[in-house]
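Residue numbers begin at 1 in each chain, while the letters A, B, ... track the order of the sequences. Worth saying up front: this structure is predicted, and the values here are computed from it rather than measured.
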Protein chains: 2
Amino acid sequence: MATSSRQSYHHGDLRAELVRVAGEVLDQGGQATLTLREAARRAGVSHSAPYRHFADREALLAEVSAQGFAQLGAALRQAAPAGGVEVARAYLRFALGHPRRYRLMYADENSLARRAGLVDLAQVVLRVFAESIPGLGGAEQARRAGTAAWALLHGLAELLLDGFLGPLAADGADAERLVREVVGMVRFAARPAAAA
Amino acid sequence: MATSSRQSYHHGDLRAELVRVAGEVLDQGGQATLTLREAARRAGVSHSAPYRHFADREALLAEVSAQGFAQLGAALRQAAPAGGVEVARAYLRFALGHPRRYRLMYADENSLARRAGLVDLAQVVLRVFAESIPGLGGAEQARRAGTAAWALLHGLAELLLDGFLGPLAADGADAERLVREVVGMVRFAARPAAAA
DNA sequence: GGTGATATGTTGTCATCAGCTACATATGCC
DNA sequence: GGCATATGTAGCTGATGACAACATATCACC
C-alpha cells in the first residue's frame, strides 16, 4: 500500500509489486482482466512502466504462473510425509483455493519461452506424486503411476472448477466428499493390463 | 468459399458461416486470435455484421464449444461398442487432434449462461465413460468410476497438450505409447479404500 | 563534491479490438 | 406497388498492447 504514497521517483521494487498486484487482479477478475495497464494503475505507476520489467503481457503472466507452481510444489512437499492421500488433498485444496491462478498455470497460452521454466517447476509435482505411491516396482513404474495420479487430480480439479461435476461441487464440503469417493475408486497396479 | 463470390446483399446463412470460420481461426491461431472482426473478415462481411447473430464474442466462442462437445460425444458413442479402451483412445484422439478446440471447450472463461448448455452436453461424455467400465456394483459406483475415468483422461490430455509430459509426447506415436502405459497402471475398484 | 553512465519511470502516440448507434438495403407479406 | 422486418454497413467510443522519445534517480568513479 506504499503504492500511492510513493515519494521518490523510483518505485523501489516495482517488479515484485507488479507480480503481487497481478496476483490480486487475477484472483479477483480472471486472466482476461489482468492487463499491464491495470497492474500499472494498481502499482501507482504510469501505464508504460511495467515494460521496464516485463517484455510483454505474457512475461508477466509467466511470472505469476511460475510463482503458482512454486507454491503448489511447496504445498505438496509439505504434505508428502503424511502420505499419498494427504498429497492428493493438498493438491486439490490448492486448485480449488486459487482457481484462477491454477487455471493460468495450466493455460495453454503458454508461449514456448514461458513453458521452459514452467515444465521444470512442474516436475516437482510429478516427483512428489511418484514418491507418494508405495508398493510399485521400479522407478519407471513409479513415474507412470505418478503421472496417472497427477492427471487424475488435475482432471478432477478442472472438472470441478468448470462446474462439470455439479454446481455445488466447485467449492466446499461437497467437493471434498466427491473427491474422496472418486479417488477412492482408483487403484494403481504395477502389472499393465487392459484397463480404461 | 462462397464468401467472396457472394452476390446478394444478404449472406444467406451468416450464422453458420461464422461458426465455421471461427473453428478455422481457432484451429490455426488459438483462442486469443479468434475475434469477431477476424471472423467477419473471413466471412466477407463487415466487422459489425456478426452482432446480428451473436450477442458478443463469448457467444460465438460458446457456440464453437458446444459444437466441440457434440462432436466429442458422437466420437465416444461411436467407439463405445468396442469397449472402454477404445473409448479412452477416441477421447484422447479428439483432444490431441483438435487441441485448441479442446482447450476452448474446457476453458473457464465460460460465462454462466454459456456453461448451462455445455454442462448438459458434457454429461454425454460422463455417461459413455460410466457405461464403459464393467464389473462395478450399482449405478452410483459406475458414475464415480466414470468420473474418475473422465478426469484421468482429461488430465492426461491437458498435460500432454501443455508439454508437461515431455516435448515429443504432444502428438504422434509417443503420446499413444505414453497413454497406454499410464492408463494401464490404473484400476477401478468398487470398494472404496485409501488410495491416492 | 562533481560528473557521467545506466537503470528506471513518464508522456505521447499508434494500431487493433469489442461493442454500440444510426443508417442503408434486401426480402417477404399484404 | 408499398410497407414492415430482417439483415448488412459505416462510423464512433473507450480500452489495450506496444513502442519511442524524454525525464529523473542512482551509482561508480574520479
Side-chain angles (χ1 to χ4, degrees), chain A residues 1-22 24-26 28-65 104 107 109-111 113-114, chain B residues 2-22 24-26 28-65 100 104 107 109-111 113-114:
Chain A
M1 307 317 158
T3 62
S4 55
S5 63
R6 172 168 60 106
Q7 299 280 348
S8 76
Y9 185 85
H10 281 158
H11 185 283
D13 193 356
L14 181 55
R15 181 187 171 86
E17 176 71 4
L18 286 172
V19 174
R20 197 185 65 76
V21 299
E24 277 183 18
V25 176
L26 184 70
Q28 289 169 14
Q31 184 174 345
T33 68
L34 174 46
T35 66
L36 282 179
R37 287 172 114 95
E38 177 60 22
R41 266 192 293 274
R42 297 214 184 193
V45 295
S46 75
H47 66 258
S48 163
Y51 285 93
R52 291 288 165 191
H53 302 277
F54 298 98
D56 53 18
R57 180 174 180 269
E58 281 299 304
L60 176 57
L61 291 175
E63 183 67 28
V64 178
S65 289
L104 173 64
E109 320 286 323
N110 300 334
S111 67
R114 179 179 167 192
Chain B
T3 62
S4 54
S5 63
R6 172 166 59 103
Q7 299 282 347
S8 77
Y9 186 85
H10 282 164
H11 185 282
D13 193 355
L14 182 55
R15 181 186 171 87
E17 176 71 5
L18 286 171
V19 174
R20 197 185 64 76
V21 300
E24 276 184 16
V25 177
L26 185 70
Q28 289 169 14
Q31 184 174 345
T33 69
L34 176 46
T35 67
L36 285 179
R37 290 169 114 94
E38 176 62 21
R41 265 192 293 275
R42 296 215 184 192
V45 297
S46 76
H47 67 256
S48 165
Y51 286 92
R52 289 289 160 187
H53 302 277
F54 298 98
D56 54 19
R57 180 173 179 271
E58 280 300 304
L60 176 57
L61 290 175
E63 184 67 28
V64 177
S65 288
R100 321 236 202 212
L104 173 65
E109 318 286 321
N110 301 333
S111 66
R114 180 181 167 192

task = Kindly point out which of C/dC17, D/dT16, C/dG19 is positioned nearest to the side chain of B/Arg41?
result =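 Between C/dC17, D/dT16, C/dG19, the one nearest the side chain of B/Arg41 would be C/dC17.
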
Donor/acceptor link under 3.5 angstrom from [X] side chain onto base of [N]:
X	N	result
A/His47	C/dG9	no
B/Arg52	D/dA6	no
B/Ser48	D/dA10	yes

query = Hey, is the side chain of A/Arg57 poking within less than 4.0 Å of OP1 or OP2 on D/dA15, counting only N and O atoms?
reply =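 A/Arg57 to D/dA15 OP1/OP2: no side-chain N or O under 4.0 Å.
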
key: Whether B/Arg100 side chain and B/Gln28 backbone form a donor-acceptor pair below 3.5 Å   =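 It does hold such a pair.
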
ask   = Would you find a donor on one side and an acceptor on the other, under 3.5 Å apart, between the side chain of A/Arg57 and the backbone of A/Leu36?
value =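 Checked: no pair found.
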
ask   = Taking side chain as C-beta onward, heavy atoms only, is A/Arg15 less than 4.5 Å from A/Glu63?
value =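 Yes; the side chains approach each other to less than 4.5 Å.
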
Starting from [atom2] on [N], measure out to [atom1] on [X] and report it in whole angstrom.
X	N	atom1	atom2	answer
B/Glu58	C/dC17	CD	P	17 Å
B/Leu14	D/dT9	CG	C1'	13 Å
B/Gln31	C/dC17	CD	P	16 Å
B/Arg37	C/dA18	CZ	P	7 Å
B/His53	D/dG8	NE2	C1'	9 Å
B/Tyr51	D/dA10	OH	C1'	15 Å
B/Leu34	C/dT16	CG	P	18 Å
B/Leu36	D/dG8	CG	P	14 Å

inquiry  = Enumerate the salt bridge (charged side-chain N to carboxylate O under 4.0 Å, His left out) contacts for residues 28-37 of chain B, please, sequence neighbours excluded, ordered by first and then second residue.
reply    = none

